[in-house]
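All values reported here derive from a predicted model rather than from experimental measurement. Just the heavy atoms: all of them, side chains too, but no hydrogens, waters or symmetry mates, feed the values below.
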Amino acid sequence: MFCKTKTRTVIYHNNTRCISSLKVVWRKDPALDRAIEHDKRYKQCARVVKEVLNEPGQVISLRYLEKRRERMRLKVKAETFINQNPGLFDVYYDRIKPKTEPVRFIRPTDRLHRFLQEEQRIFSENEPFIVSKLCKLLMMSKSKFLSADKLLHVKREFGFPNDFLVDLVPRYPQYFRLTGSPGEGKSFLELVDWNPEFAKSVIEKRAEEESERMGIRVRPSFNVQLPPGFVMKKEMREWVRDWMELDYVSPYEDVSHLDQASREMEKRSVGVFHELLSLSLYKRIPIPILGKFCDEYRFSNAFSSTFTRHSGIFYLSLKGGIETALLREAYRGEELVDRDPLLRIKDKFVELLQEGWRQREEQLRLKQEKIKEGMQLLASKVGD
């Protein structure tokens, strides 16, 4: 069903026609909405693990963890969560203060420690890839530097290690310069050197590969995959046709000479959004997070309308009450097919969780069998 109609204003310059009050119909895509739902349980577990690992000694009393449920967005009691996810934490008794009664504490299991070691190994193997991602984010920005605090805020969206600013960045002085102290609001990561190899977008690389394969020059262009049942009105079809005929504007080009309201700037903005989503782990980013970089990437105040206006390239999900931009070409139905190498970390963590879930199911099965045997034994005694 058509769930929402949004009115967008698009102005053409360069002596072409002007389209105002362009009506774009937002259409719900259930498959892509389900793709967001897939990761809810995994992300919940990851938030609790992070909370414990950030504690001194990586231990915390169950009582204190319970008080942080709201911050962790935990819908069940902390004790229930621990029981539902065996394999993450060991429960033991200790004193909060000397001469007090022992209370329950939790600490990472040996299995979780092994996962953390595997996580570091995957980060190390993919360090050049992580460095290129970080360079690309800086190279697309207006002034070639970004707030360190903003980068820390989006590190999970792009798969950066927790300590990338203090560990990885100093080891690559040929690319990065960190000024100030992260966390104080006045720290910035600057690009030191421009690497031409990093200045190629996913769209441009794809065109190069197709050109080599076909033996003819292929023009860089966006993949447009309109959702099933989506019908464009005539003026929208004409707008898209004219816009698609424009030359591709690389997100790494200097566009300071372009009018912010021009079609060419719109082409560039779509290119930046496409590249940012391509660099992200899940090929999707919440709109509020993108909104933190309006000035750095020259986004307009109404930038979210871009995702509705270009529904064949992007999908704007409203799942969970949060607007999230997804890259259509990265998904086949609800399955993410354009997988980031760093998603191996998630795969390993999910394996750890599933091992614990199987263990719990087996324990419940054995418990139920024991209860059943006890009831049968009792019934036989009563019968005698």
Side-chain angles (χ1 to χ4, degrees), residues 8-20 22 24 132 135-144 191 194-226 232-280 283 290 293-294 296-300 302-316 325-330 338:
R8 308 300 186 193
T9 300
V10 183
I11 300 175
Y12 281 9
H13 294 277
N14 303 327
N15 298 319
T16 62
R17 63 184 175 179
C18 176
I19 298 181
S20 61
L22 182 66
V24 183
S132 71
C135 282
K136 284 173 174 285
L137 292 181
L138 294 170
M139 291 165 72
M140 282 188 285
S141 66
K142 180 172 62 177
S143 302
K144 309 302 176 280
L191 183 72
W194 183 277
N195 186 332
E197 285 301 309
F198 295 159
K200 290 182 181 178
S201 69
V202 170
I203 297 287
E204 290 170 311
K205 286 181 179 179
R206 186 166 62 205
E208 286 183 358
E209 292 169 359
E210 290 179 2
S211 296
E212 291 178 6
R213 186 173 64 253
M214 299 174 64
I216 58 174
R217 182 182 177 276
V218 175
R219 182 185 177 193
S221 60
F222 298 102
N223 280 342
V224 178
Q225 305 169 0
L226 289 173
M232 286 187 183
K233 292 185 177 181
K234 181 181 177 182
E235 74 170 355
M236 186 61 189
R237 288 199 306 270
E238 292 174 351
W239 186 89
V240 171
R241 180 199 63 200
D242 293 344
W243 185 85
M244 290 294 291
E245 288 177 356
L246 291 173
D247 286 338
Y248 174 78
V249 181
S250 171
Y252 301 101
E253 284 185 29
D254 178 10
V255 292
S256 56
H257 62 287
L258 292 180
D259 186 328
Q260 188 70 27
S262 66
R263 292 188 301 164
E264 289 77 13
M265 196 62 181
E266 169 97 355
K267 195 92 174 187
R268 189 261 178 185
S269 294
V270 172
V272 172
F273 288 131
H274 187 285
E275 189 74 353
L276 287 172
L277 293 175
S278 296
L279 292 173
S280 68
K283 316 308 176 195
L290 287 172
F293 296 91
C294 281
E296 293 87 340
Y297 292 124
R298 300 177 184 269
F299 299 155
S300 69
F303 74 91
S304 63
S305 64
T306 303
F307 302 110
T308 307
R309 194 156 55 245
H310 298 278
S311 298
I313 301 172
F314 309 112
Y315 173 58
L316 187 64
L326 293 88
L327 188 60
R328 283 195 181 276
E329 66 186 39
D338 183 5

Find out whether [X] and [Y] are in side-chain contact, i.e. whether some heavy atom of one side chain is under 4.5 Å from a heavy atom of the other.
{"X": "Glu329", "Y": "His274", "result": "yes"}
{"X": "Cys294", "Y": "Phe303", "result": "yes"}
{"X": "Trp243", "Y": "His310", "result": "yes"}
{"X": "Arg206", "Y": "Asn223", "result": "yes"}
{"X": "Trp194", "Y": "Lys144", "result": "yes"}
{"X": "Lys142", "Y": "Tyr297", "result": "no"}
{"X": "Met139", "Y": "Leu191", "result": "yes"}
{"X": "Leu137", "Y": "Leu276", "result": "yes"}

Quick one: side-chain hydrogen bond (donor to acceptor under 3.5 Å, both in side chains) partners of Arg298, sequence neighbours excluded?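 Once residues adjacent in sequence are excluded, Arg298 has no partner under the side-chain hydrogen bond (donor to acceptor under 3.5 Å, both in side chains) criterion.
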Nearest heavy atoms of [X] and [Y], plus distance in Å:
{"X": "Met140", "Y": "Leu279", "result": "CE-CD1, 3.9 Å"}
{"X": "Met265", "Y": "Asp259", "result": "CB-O, 3.2 Å"}
{"X": "Cys135", "Y": "Phe198", "result": "CB-CD1, 3.6 Å"}
{"X": "Leu277", "Y": "Ala325", "result": "CD2-O, 3.5 Å"}
{"X": "Ala199", "Y": "Ser250", "result": "O-OG, 4.4 Å"}

So, applying side-chain contact (heavy atoms from CB on, under 4.5 Å) with Phe307, which one of Val270, Ile313, Leu326, Leu290 is it?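 Going through Val270, Ile313, Leu326, Leu290 one by one, the side-chain contact (heavy atoms from CB on, under 4.5 Å) with Phe307 is satisfied by Leu290 alone.
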As an exercise, state the distance from [atom1] of [X] to [atom2] of [Y], rounded to the nearest 0.5 Å.
{"X": "Leu246", "Y": "Ser221", "atom1": "CG", "atom2": "OG", "result": "12.5 Å"}
{"X": "Leu258", "Y": "Arg263", "atom1": "CG", "atom2": "CZ", "result": "12.5 Å"}
{"X": "Lys136", "Y": "Lys200", "atom1": "NZ", "atom2": "NZ", "result": "9.5 Å"}
{"X": "Glu210", "Y": "Arg219", "atom1": "CD", "atom2": "CZ", "result": "13.5 Å"}
{"X": "Tyr252", "Y": "Glu275", "atom1": "OH", "atom2": "CD", "result": "3.5 Å"}
{"X": "Ser304", "Y": "Leu316", "atom1": "OG", "atom2": "CG", "result": "6.5 Å"}

Under the salt bridge (Lys or Arg N to Asp or Glu O under 4.0 Å) test, which residues partner Arg268, sequence neighbours left out?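 Per chain and number, Arg268 pairs via salt bridge (Lys or Arg N to Asp or Glu O under 4.0 Å) with no residue.
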Suppose we screen for salt bridge (Lys or Arg N to Asp or Glu O under 4.0 Å). Which residues come up paired with Lys205, at least two apart in sequence or across chains?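 If we apply the salt bridge (Lys or Arg N to Asp or Glu O under 4.0 Å) test to Lys205, skipping adjacent residues, there are no hits.
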Taking NZ, NE, NH1 and NH2 as the nitrogens, is one of them in Lys267 or Asp247 under 4.0 Å from a carboxylate oxygen of the other?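 No, Lys267 and Asp247 are not salt-bridged.
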Under a 3.5 Å distance rule, please check whether Arg328 uses its side chain to pair with a backbone N or O of Ser311 as donor and acceptor.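 Judged by distance alone, yes, a pair lies under 3.5 Å.
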Indicate, with yes or no, if the rings of Phe273 and Phe299 have centres closer together than 6.0 Å.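 Between Phe299 and Phe273, which both carry aromatic rings, the centre distance is below 6.0 Å.
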Does a donor on one side chain sit under 3.5 Å from an acceptor on the other, for Tyr248 and Glu204?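 No pair is found: no donor N or O on one side chain lies under 3.5 Å from an acceptor on the other.
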